[in-house]
Visitor: 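Following this message is one structure expressed as structure tokens.
Below, chain A is the first sequence line, B the second, and so on; all start at residue 1.
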2 protein chains.
Amino acid sequence: MKHTRIQQSAQGEAGRQLMFCFVMAGRAIEQRLEDALGPVGLSLAKFGALTHLVEAGEPLNLSECAKKMACVRSNITQLMDRLEADGLVRREEDPDDRRAIRAAVTAQGARRQAAGAKEVARVQRQLIDVLGDTDHEAVQRLLLTIV
Amino acid sequence: MKHTRIQQSAQGEAGRQLMFCFVMAGRAIEQRLEDALGPVGLSLAKFGALTHLVEAGEPLNLSECAKKMACVRSNITQLMDRLEADGLVRREEDPDDRRAIRAAVTAQGARRQAAGAKEVARVQRQLIDVLGDTDHEAVQRLLLTIV
DNA sequence: CGCGTATGCTTCATATATGAATTTTATATG
DNA sequence: CATATAAAATTCATATATGAAGCATACGCG
């Protein structure tokens with residue numbers, strides 16, 4: 001007697017289609033990141049925005065942020081609202097374009113981002129650990145093919 | 001002297017940390033599924049709920065649904081509200097437990113689920129295509145390890 | 001120069017998800 | 001049996017995300 005039944009009921013759907021495994025893996029990692037960032041006072045979305053700003057080294061238009069984060073602008077508007085409420089980002093007028101708003105990281109924002117980066121690196125190490133002797137390069141290529 | 005700078009900024013998007021590749025791949029597939037299901041009149045969340053109900057072959061308590069879908073119950077409450085508004089699911093009282101509500105798929109819900117399953121299968125074939133000669137079993141094992 | 005179109009941001013409605021608080025009902029235990 | 005505790009569902013506040021609609025500004029072209 002096979003144990004497909006056991007596997008199915010034990011884990012939900014062990015025999016799931018491959019694509020759902022990708023989705024579940026992505027979500028599982030997201031969850032770990034959220035859990036790691038929570039104590040620092042960041043969410044994954046906030047950390048992502050701060051990181052783009054820090055890496056840019058200068059204030060960015062909200063449209064540029066949206067492009068970097070691959071999302072619509074109304075999402076950035078709200079995200080910046082929350083980051084500004086947290087005191088991690090400041091909205092500045094763009095001297096070159098009166099329509100545009102630039103997001104500038106505050107000192108506190110930069111510190112928070114650095115703290116978040118440490119946590120993210122920790123999670124990354126855990127992942128590497130789980131992958132064991134798997135060829136990371138190959139996996140990454142595969143994933144980027146999908147994206 | 002460390003080379004954190006190089007690692008962080010050298011390759012821009014391409015050199016992203018492995019974990020973000022998993023997250024992005026998962027989201028990319030999710031997006032494809034949403035796009036495929038949209039024309040059928042379903043979202044991925046709705047399709048998932050309907051599929052669990054259809055596969056169960058009988059009405060399920062909302063708590064059971066939450067467990068199968070790995071989410072909190074308040075999420076299911078809202079999802080069922082929308083599915084019920086769409087006429088795809090019906091809430092029934094549980095004769096054995098007056099606290100419980102059971103979700104039953106309607107005939108229309110079953111048809112919609114079947115239509116959705118066809119689209120999902122199409123996306124799955126596309127994914128298999130993209131993966132080419134990669135060892136699917138190995139990939140799936142890897143992904144389930146992460147989950 | 002002025003007008004039409006494009007761009008930048010915000011606002012609103014909606015979907016998905018979480019978690020805390022609440023209500024109702026079940027169950028266990030003293 | 002009464003009461004304490006647990007479990008089921010909902011409600012509310014909030015975060016994240018999308019897309020449509022709207023307003024202000026920029027820009028190209030006749």
Visitor: State which residues pass side chain to side chain contact (heavy atoms under 4.5 Å, CB included) with A:T145; sequence neighbours excluded, sorted by chain then number.
Guide: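 With sequence neighbours excluded, A:T145 shows a side chain to side chain contact (heavy atoms under 4.5 Å, CB included) to B:V130, given in chain and number order.
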Visitor: Would you say B:S43 reaches C:dT16's phosphate, i.e. side-chain N/O to OP1/OP2 under 4.0 Å?
Guide: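 Looking at the OP1 and OP2 atoms of C:dT16, one of them is under 4.0 Å from a side-chain N or O of B:S43.
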Visitor: How many Å lie between CE on A:M80 and P on C:dG8, as a whole number?
Guide: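 Between P of C:dG8 and CE of A:M80: 15 Å.
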Visitor: Other residues, nucleotides and ligands only: do more than 12 of their heavy atoms fall within 6.0 Å of CD on A:E93?
Guide: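 Counting neighbours around CD of A:E93, 12 or fewer heavy atoms of other residues, nucleotides or ligands fall under 6.0 Å, so no.
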Visitor: Measure the distance from CG on B:L60 to C1' on D:dA8 and round it to the nearest whole Å.
Guide: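 From B:L60 CG to D:dA8 C1': 14 Å.
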Visitor: Across the strands shown, which category fits B:S63 at heavy-atom distances under 4.0 angstrom: base, sugar-phosphate, nothing?
Guide: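 Sugar-phosphate, backbone atoms only, no base.
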Visitor: Return the value, rounded to whole Å, for the distance between atom CD1 of B:I76 and atom C1' of D:dA7.
Guide: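 Nearest whole value for this atom pair: 16 Å.
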Visitor: On DNA chain D, check which nucleotide each of B:R91 and A:E34 is closest to and give me the residue with the more 5' one.
Guide: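 Whichever sits nearer the 5' end wins; that is B:R91.
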Visitor: Take atom CG of B:L83 and atom P of C:dA17, then tell me their distance rounded to the nearest Å.
Guide: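 Roughly 11 Å, once rounded to whole Å.
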Visitor: B:L44 has an atom CG; how far is it from atom C1' of C:dT14, in whole Å?
Guide: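 Going from B:L44 (CG) to C:dT14 (C1'), I get 17 Å.
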Visitor: What's the closest nucleotide to the A:R82 side chain, out of D:dT16, C:dT10, C:dT16?
Guide: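 Among the listed nucleotides, the one closest to the side chain of A:R82 is D:dT16.
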Visitor: Atom pairs under 3.5 Å, N or O on each side, protein against nucleotides 19-26 of chain D: can you list them with distances?
Guide:
from, atom 1, to, atom 2, distance (Å)
D:dG19, N7, A:S74, OG, 3.2
D:dG19, O6, A:S74, OG, 2.9
D:dT25, O2, A:R99, NH1, 3.4
D:dA26, OP1, A:R98, N, 2.8

Visitor: CG of B:D81 versus P of D:dT10: gap in Å, rounded?
Guide: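 Checked: the CG to P distance equals 7 Å.
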Visitor: Could you work out, with side chain to side chain contact (heavy atoms under 4.5 Å, CB included) as the rule, every residue matching B:A115, not counting sequence neighbours?
Guide: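 Partners of B:A115 under the side chain to side chain contact (heavy atoms under 4.5 Å, CB included) test: B:V40.
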Visitor: Applying side chain to side chain contact (heavy atoms under 4.5 Å, CB included), can you list everything that pairs with B:E58, at least two apart in sequence or on another chain?
Guide: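 Not a single residue meets the side chain to side chain contact (heavy atoms under 4.5 Å, CB included) criterion with B:E58.
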Visitor: Is the shortest heavy-atom distance from the side chain of B:E64 to the side chain of B:K67 under 4.5 Å?
Guide: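 No. Closest side-chain heavy atoms not under 4.5 Å.
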Visitor: Mind calculating the distance between CZ (A:F47) and P (D:dT16) to the nearest angstrom?
Guide: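 Going from CZ in A:F47 over to P in D:dT16 covers 14 Å.
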Visitor: Over all strands shown, is A:N61 touching base, sugar-phosphate only, or nothing at heavy-atom distances under 4.0 angstrom?
Guide: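 Touches sugar-phosphate only.
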Visitor: Does a side-chain N or O of A:R27 approach OP1 or OP2 of C:dA17 to a distance below 4.0 Å, or not?
Guide: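 Yes.
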Visitor: Who are the side chain to side chain donor-acceptor pair (under 3.5 Å) partners of B:D97, not counting sequence neighbours?
Guide: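 Expected list: B:R99.
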Visitor: Taking salt bridge (charged side-chain N to carboxylate O under 4.0 Å, His left out) as the definition, give me every residue that meets it alongside B:R102, ordered by chain and number, with sequence neighbours left out.
Guide: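 Once residues adjacent in sequence are excluded, the partners of B:R102 under the salt bridge (charged side-chain N to carboxylate O under 4.0 Å, His left out) criterion are B:E92.
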Visitor: What's the CD-C1' distance between B:E92 and D:dA9, to the nearest Å?
Guide: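 Answer to the nearest Å: 16 Å.
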